A.B. asks: 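One structure follows; several queries about it will come next.
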Amino acid sequence: MKKPPKIKKKKRPLRTPPATGAKKSLWLNVLPDDLWIRVKYGVTIYEALRKTTLDLDTECNGLGTCGKCKIKVITPIGPPDRQEQRLLSSEELDQGIRLACRTPIRKDLVVFSDTQRDPTELFQILKHGQTQDIALDPLLDRIPVLVPPPDLQTAASDFHRLRSVLGASRDNLKITHGCLSTLYADLRATEFRGEALLHRECMLAWSPVGSPNGRYGVIFDIGTTTLVGKLIDLDQGVEKGVISRLNAQTRFGSNIISRIQYLRDTKNGLRRLRRLLLNDLNAILRRLARAGGIEPHHIFVAVAAGNTTMQHLLLGLDPSGIAEAPFAPVITEGVTFPTQKVGLELHPDAMLYVMPAKSGYIGGDLISFILASGAADQETELVLGLDLGTNGEIFLGNGRRLLTCSAAAGPALEGARIQHGMIAKSGAIESVRGLEGELRYNVIGNIKPKGLCGSGLVDLAAVLLHHGVLDAEGVLGHHGRDTEFELLPARLAPRPRSEVMDFVVATPEESFDGRTIKLLQNDIRELQLAKGAVAAAVQLLMDEMGVTVDRIDRVCMAGALGNYVNPLSAMRIGMLPFLDPAKIVSMGNAAATGATLALISKAQWQRANAIADLADHVELSLHPGFYEAFIAAMDFPDRNVW
Amino acid sequence: MSFETLSQTVIKGDMQAAAELTRKALDDGADAQQILDQGLIAAMDVVGRKFAEGAMFVPQMLRSAKTMQQCVEVLKPHFQGAGMTTKGTIILGTVKGDLHDIGKNLVAMMLEGAGFRIVDLGVDVSPAAFVEAVAKENGQIVGMSALLSTTMPAMAETITALTTAGHRETVKIMIGGAPVTADYATSVGADCYAPDAGSAVTEAKRLLDV
């Protein structure tokens, strides 16, 4: 089989969610710790790495004269330039060593760097979400004030004079002890001209004009696998920095059930998990502050969104109730606490907002997704939202009625339980097409394939269905729909003494490490369970709402799989109902977007709480129709979409 | 008399044709028990085997099981005296704190298809409810399902409860569910672990030596 043809960037819709507006940007994947960096076309590897925690050796600062910034480029690229030929030995050139400052990035690249680094920090794929235009009214108010100097007539106190210039609406203004304790000196040092930082009815700080105090807020998307932090400019409502890292808790299990089991079985388990999370979040905070040129204590407000279990762990609440029926969490309401009490290292008087959740499995992340989708802002359009990752969370409705549910989409969609499955990282087949009877695929990082990630698996199944190598009942074999495509059936591998066949995705020559990459018959079964669960959940929400699929006006997709899966393939395998693909919108990191909206607008925070109140939770495991719908959704549709 | 065509029809899940063939076999003078054993149960054995290796999947297995049920309905009036003989009674349930239904239902259906009598206690079943059912229904096997690693300990609790109630000597214990393993079965003192509905049949037959 030939190497897949080079594909022009605009033909790669899977890596580029259309809504993010990211144009001409490429991925740089740095091994061995799998750092992902979004870069502009043409910048050098050196420039790209300078924005990260990686510290490349350099003396000339990128001029191409010192020859220190050596890096191994794994993706095949053009010949080295003159400087590189001069500064690198021929052995080094043979090994693929290049100078980072001499190597512009013109396609997705995988490089290897063995310099010292923070091993857990990585730039993730889902950093950018859609944003809406909303009126800026951040959770933190920063009000410019000229306080009248003290005078003998009234002998009014500093705080009294300050309060009176803030206007009658602030008559009940309170003040933190920390703010008060330095107020005397602070007011005089600024000659009574400055900014009052207020949270609701409480003054948190007095700040000189132009100081970074309170200029920025942060949001956290606390996922089971990945933690993302964003620094948000509260004056402009824009994102100033994004840092993400692997959740250190993953060493205690990849899913929330195993985390809960750990904390139940281990002495101080809850405290340990919480400590790990806070360490991660505080590290993200420090990096975000550095990216914004400020200190963490300049930040006065943070918003966190995550699944209900992660939100519990952040607040130090025992989530054990979520792990078994009747799945009752400690709290679902949106809450506000001083960050100091929680353990986040911002300004000592800073406030943390935790997004409202609906139930043990409908967390603040789904409420944030609904908020970001705008579904609840209107009553005319019917919006279907799918957040597809390890667990699938789904909503359907609008401002009049909103249904939510959680479906165990199964680990298949994130590559687990699939023989050659993997998460979406370097070497994963991310998309597959059938072309002239052969298989064409895109591999993340433009290297030979190591395995299949969720979007690749869904694509592959769709291609096999299309070419009659896979039938509607999910059996791999010669179903011979399409005689012109003879090469695909040739990849079927019968098992000895069995009627069962597997499908060879890549031969040892075609694969990265000389192994055969197979899609096993059993892998198809795992996929059927996962997509069946999603499809059944969607079906039940539609039944509950009393609508059919043609009534759906918009489909919002979020989550690792939701953003990258090809909608047509998802329809072909029956994971999504058949509808006009133009109705489907990728939302990027919708949890982060929702949290950002809440941070920059008090009205949006209120709306998030209203959404949690409005939403109805449909418990699938108790639903009488789920069993039938699930089994009915396991088969593949007998209908081609191409 | 060969029941090969009937078996194939049950494996394919063609309900009408299978019921038709069953009626025809009766008309031809075949014994009801023989049709059940050599036609229907034999077919479900094949279905279980195909399911275990992935050649058949849940909807197809269910279709076959339903087809078999139809045929059994045709046979029922023709059993002599005591009625159908069963291979034994199995008490099934998903353990306390766990609401996962589907896997357990498939196991029930396959065991029923293999000729066992099933008492399905449903989901979120307490140890006491298992104990009570064993006594009342004279169960020979207790089958427990758990789909959450946090509810697996309820299997051990149930086994302890059965031991305390004095049933452990007379009842065999089979467990299954996504997070369950053969090692776990050994560690909690179960008699066997069944990875899927087809294996559950094989294991149940082995446990009761039928």
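All chains are named by letter (A, B, ...) in the order of the sequence lines, taking the proteins before the strands, and each is independently numbered beginning at 1. Below, each value reflects all heavy atoms present in this structure, side chains not excepted, and no hydrogens, waters or symmetry copies. Everything numeric here is computed off the predicted structure, so don't read it as measured data.
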A.B. asks: Counting only N and O atoms by type, is there a donor-acceptor contact under 3.5 Å from the side chain of A:R525 to the main-chain atoms of B:V58?
C.D. replies: no

A.B. asks: Under a 4.5 Å cutoff for heavy-atom pairs, which residue among A:N522, A:V475, A:I524, A:V500 has the most contacts with chain B?
C.D. replies: A:V500

A.B. asks: With a 4.5 Å cut-off on heavy-atom pairs, point out which of A:Q521, A:M634, A:E473, A:R264 contacts chain B the most.
C.D. replies: A:E473

A.B. asks: Select one option (side chain, backbone, both, neither) describing which atoms of B:K96 are under 4.5 Å from chain A's heavy atoms.
C.D. replies: neither

A.B. asks: Look at B:P153, B:P179, B:A55 and state which one has the largest set of heavy-atom pairs under 4.5 Å with chain A.
C.D. replies: B:A55

A.B. asks: Between B:R63 and chain A, which part of the residue has a heavy atom less than 4.5 Å away: side chain, backbone, both or neither?
C.D. replies: side chain

A.B. asks: Is it the side chain or the backbone of B:E53 that comes within 4.5 Å of chain A heavy atoms, both, or neither?
C.D. replies: both

A.B. asks: Atom OG of B:S149 and atom CG of A:N255: how far apart are they, to the nearest 0.5 Å?
C.D. replies: 6.5 Å

A.B. asks: List the steps, then state whether side chain to side chain contact (heavy atoms under 4.5 Å, CB included) holds for A:Q261 with B:L148.
C.D. replies: CA-CA 10 Å; A:Q261 202 184 0; B:L148 298 170; over 6 Å; no

A.B. asks: Less than 3.5 Å apart, any donor N or O on the side chain of A:E324 or B:T151 sitting next to an acceptor on the other?
C.D. replies: no

A.B. asks: Does a sphere of radius 6.0 Å around NZ in B:K12 hold more than 12 heavy atoms from other residues, nucleotides or ligands, not counting ones at 6.0 Å or beyond?
C.D. replies: no

A.B. asks: Using a 4.5 Å cut-off on heavy atoms from C-beta on, say whether the side chain of B:F57 contacts that of A:I631.
C.D. replies: no

A.B. asks: Using side-chain heavy atoms (C-beta onward) and a distance below 4.5 Å, is A:F630 in contact with B:I102?
C.D. replies: yes

A.B. asks: Using a cut-off of 6.0 Å, state whether more than 12 heavy atoms not belonging to B:Q69 lie near its atom CD.
C.D. replies: yes

A.B. asks: Return the CD1 to OG1 distance between A:I257 and B:T150, rounded to the nearest 0.5 Å.
C.D. replies: 4.5 Å

A.B. asks: With a 4.5 Å cut-off on side-chain heavy atoms, are A:E499 and B:K50 touching?
C.D. replies: yes

A.B. asks: Taking C-beta and beyond as the side chain, do B:D101 and A:F626 meet within less than 4.5 Å on heavy atoms?
C.D. replies: no

A.B. asks: Let me know if B:L62 has heavy atoms under 4.5 Å from chain A in its side chain, its backbone, both or neither.
C.D. replies: side chain

